[in-house]
Each structure stands twice: as structure tokens, then as C-alpha cells.
Amino acid sequence: MPQLTPIRLNQHQRGDSGIIPWSWTRIDEQGVEHPVSLVGYKVSMTFKNHLYDQSTDDETEDTNGKTTLKGFNNKLFKIDIDCDDPTQMSGIDPAKGEVLFKIPKQATWVEPGKYHWDIVVENKTSKITTTLAKGTMEIVGHATNRLTTDSPEA
């Protein structure tokens, strides 16, 4: 399998919602790009601390017995899309390889810093999964959106 080149997404304001568009394409022998249908697939975008990529234990602890991930409830987020469910398509066509990952503001209520993400597709029939993209995104704080111990509002 070819090595994935990491993609750096733009900075995202802490506590803000957002949308990340993504499309699956392939390049043929003539160098022409074609969409790959996502019909029959589930697509997931997962955001995590870098340490999750180096450990199979999601409860990684430092030497003081605390989890190494900092944020609301010490958790990041995963966005799952069933490409056959029209209510999740927001007017786009998964047959053209397109999806929109909607990020709720609660998901970005984490300590500002660089986080890692990946996109995995799963064939719903065979259950075979493939990681198609990976990269980083920086969550940034600002003066009116300080890190607090309060939980984010719904």
C-alpha cells in the first residue's frame, strides 16, 4: 500500500463548529482524476492526540497516572457518515465520492494545540476498512473563548 502524505488542515477556533468537505478520487493511466463512488460505504473522520497513533491503549497514562490527552472529558471526537443515508448527505452526492464532515462545537472544546486526524472508509458488505487520508489540524484559542473547566453548552 502506498504511503499516505499527511495533509495539514487550516487552523480551527476552539469551541467553534465547522464543516470539512472531502472527496474520494483516483487518477487513471492518462492522469485524469475520477470520483470514486462512496455508495455502500461508511466513512469516518477521527481526531486524536498524536499519542493515540503510537499506542493501542486509548487510556494512555503519563508517569503521574493522568491521561495524556487534555480536553473536555479528556476525549476527542469521531464523525461517522453512512453514505447510503440521505439524511446525512446535506445535498451532496456520495456516488460522486463526496461527503461533508460536520464538526459540532462541543467536539472542538479541547485544549488548544495540534491534533491528528484520519479518514477511513469501510465497505459495508465486506467490512474491509482502508485509511485514505491523514494529517493535522491546529485548534487555536482566542481571548473571548478561554479554556475553562466548565463544560461547553449544547
Side-chain angles (χ1 to χ4, degrees), residues 1-27 31-39 41-60 67-124 128-148 150-154:
M1 175 177 243
Q3 182 87 7
L4 293 176
T5 302
I7 301 167
R8 188 173 145 218
L9 296 177
N10 291 333
Q11 291 180 336
H12 190 85
Q13 294 291 326
R14 180 181 172 274
D16 286 357
S17 56
I19 295 176
I20 298 174
W22 180 76
S23 61
W24 188 9
T25 61
R26 66 172 178 80
I27 299 176
V32 178
E33 191 171 19
H34 300 278
V36 177
S37 176
L38 288 166
V39 173
Y41 285 89
K42 290 192 297 185
V43 183
S44 297
M45 184 176 215
T46 306
F47 284 78
K48 57 197 166 259
N49 181 289
H50 182 62
L51 291 175
Y52 281 166
D53 279 344
Q54 298 179 13
S55 171
T56 57
D57 180 7
D58 285 348
E59 297 299 322
T60 303
T67 59
T68 57
L69 184 63
K70 297 178 182 177
F72 182 65
N73 286 341
N74 288 334
K75 293 181 183 176
L76 285 181
F77 57 97
K78 179 179 177 185
I79 303 164
D80 293 317
I81 299 174
D82 180 346
C83 295
D84 297 327
D85 182 353
T87 63
Q88 295 187 10
M89 290 301 104
S90 303
I92 61 171
D93 188 358
K96 295 180 182 175
E98 302 171 337
V99 294
L100 294 176
F101 293 104
K102 296 177 184 178
I103 303 173
K105 68 179 183 177
Q106 295 88 344
T108 62
W109 201 263
V110 295
E111 184 173 306
K114 185 168 83 171
Y115 292 91
H116 295 259
W117 60 267
D118 60 29
I119 295 175
V120 176
V121 296
E122 176 185 351
N123 182 300
K124 291 170 28 178
I128 293 174
T129 61
T130 305
T131 301
L132 295 177
K134 69 176 184 175
T136 59
M137 182 171 77
E138 183 178 6
I139 303 291
V140 294
H142 51 87
T144 61
N145 194 358
R146 295 173 186 90
L147 182 62
T148 69
D150 298 331
S151 64
E153 295 178 12

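Just so you know, residue 1 is the first one in the sequence shown, and it goes up from there.
Remark: Asp84 engages Lys124 in a salt bridge (Lys or Arg N to Asp or Glu O under 4.0 Å) (not counting sequence neighbours).
At a threshold of 4.5 Å between non-hydrogen side-chain atoms, the residues Phe101 and Val43 count as touching. Val140 has its side chain out of reach of Pro112: every pair of non-hydrogen atoms, C-beta onward, lies at least 4.5 Å apart. Counting heavy atoms from C-beta on, the side chains of Leu132 and Trp22 come closer than 4.5 Å. Within the 4.5 Å cutoff, the side chain of Ile81 has no heavy atoms near those of the Met45 side chain. Looking only at side-chain heavy atoms (C-beta outward), Asp16 and Lys105 stay at 4.5 Å or farther from each other. At a threshold of 4.5 Å between non-hydrogen side-chain atoms, the residues Thr108 and Arg14 do not count as touching.
Atom CD1 of Ile119 is separated from atom NZ of Lys134 by 13.0 Å, given to the nearest 0.5 angstrom. A distance of 9.0 Å separates CG of Leu38 from CD of Glu98, quoted to the nearest 0.5 Å. To the nearest 0.5 Å, atom CH2 of residue Trp24 and atom OG1 of residue Thr130 are 6.5 Å apart. From Trp117, atom CH2 reaches atom CD1 of Ile103 across 10.5 Å, with rounding to the nearest 0.5 Å. Between Ile92 atom CD1 and Cys83 atom SG the span is 8.5 Å, to the nearest 0.5 Å.
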